[in-house]
Amino acid sequence: MTTICASLADELQHDFSRARAHLAEARLHQAEKDTPDSRADVARWLSFIDAVLDMYLDTGGPGRPVRTSS
C-alpha cells in the first residue's frame, strides 16, 4: 500500500515514526548482543532521527511559520 503525504511535514513525521521503530529494534538487538555492529546500528538510527528532527524544525512544524534566510 502506498501512502501519499500532503506535505513535507507529514512526510517527515512518517520518517520519524518509522525511524523510531527501527531504533527500538536496533536497541533490542544491542541489548541482546552488544557488539560494535549493534552499537553502530543504534548510532545510525539516532543520527537519522536527529537529521529528520532538524529538517522538521526547519519546516516550522505544524502551526509555525517557515523560517526564511535573510
Side-chain angles (χ1 to χ4, degrees):
M1 181 173 143
T2 302
T3 302
I4 299 174
C5 293
S7 70
L8 177 58
D10 291 339
E11 185 69 26
L12 292 171
Q13 287 174 345
H14 176 74
D15 287 346
F16 179 72
S17 294
R18 184 176 50 87
R20 281 183 23 219
H22 284 285
L23 175 61
E25 185 176 328
R27 284 183 168 162
L28 178 62
H29 288 154
Q30 182 184 13
E32 292 170 350
K33 188 170 183 181
D34 188 17
T35 65
D37 285 341
S38 64
R39 287 190 298 271
D41 198 27
V42 168
R44 276 190 297 274
W45 284 110
L46 287 171
S47 178
F48 181 80
I49 287 171
D50 186 51
V52 170
L53 290 173
D54 285 344
M55 286 186 281
Y56 184 76
L57 290 174
D58 285 344
T59 68
R64 291 179 38 197
V66 175
R67 288 189 239 167
T68 59
S69 58
S70 308

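- Across all their heavy atoms, Arg44 and Asp37 have their closest contact at NH2-O, 4.4 Å.
- Note that the CD1 atom of Ile49 and the OH atom of Tyr56 stand 15.0 Å from one another [nearest 0.5 Å].
- Between Asp50 atom CG and Met55 atom CE the span is 10.0 Å, to the nearest 0.5 Å.
- For the atom pair CG (Asp15) and CG (Asp10), the distance works out to 11.0 Å, reported to the nearest 0.5 Å.
- Each of Asp34, Val42, Asp41 was checked for a side chain to side chain contact (heavy atoms under 4.5 Å, CB included) with Ser38, and the lone residue meeting it is Asp34.
- Within the structure, every pair that satisfies the ring-ring contact (aromatic ring centres under 6.0 Å, His included) test and touches residues 15-36, not counting sequence neighbours, is listed here: His22-Trp45.
- Judged purely by atom type and a 3.5 angstrom limit, Ser17 uses its side chain to pair as donor or acceptor with the backbone of Gln13.
- Here CG of Leu57 is found 6.5 Å from CG of Leu53. Values are rounded to the nearest 0.5 Å.
- Side-chain contact between Phe48 and Arg18 is present, with at least one heavy-atom pair separated by less than 4.5 Å.
- Side chains of Arg27 and Leu46 form a contact here, defined as non-hydrogen atoms less than 4.5 Å apart.
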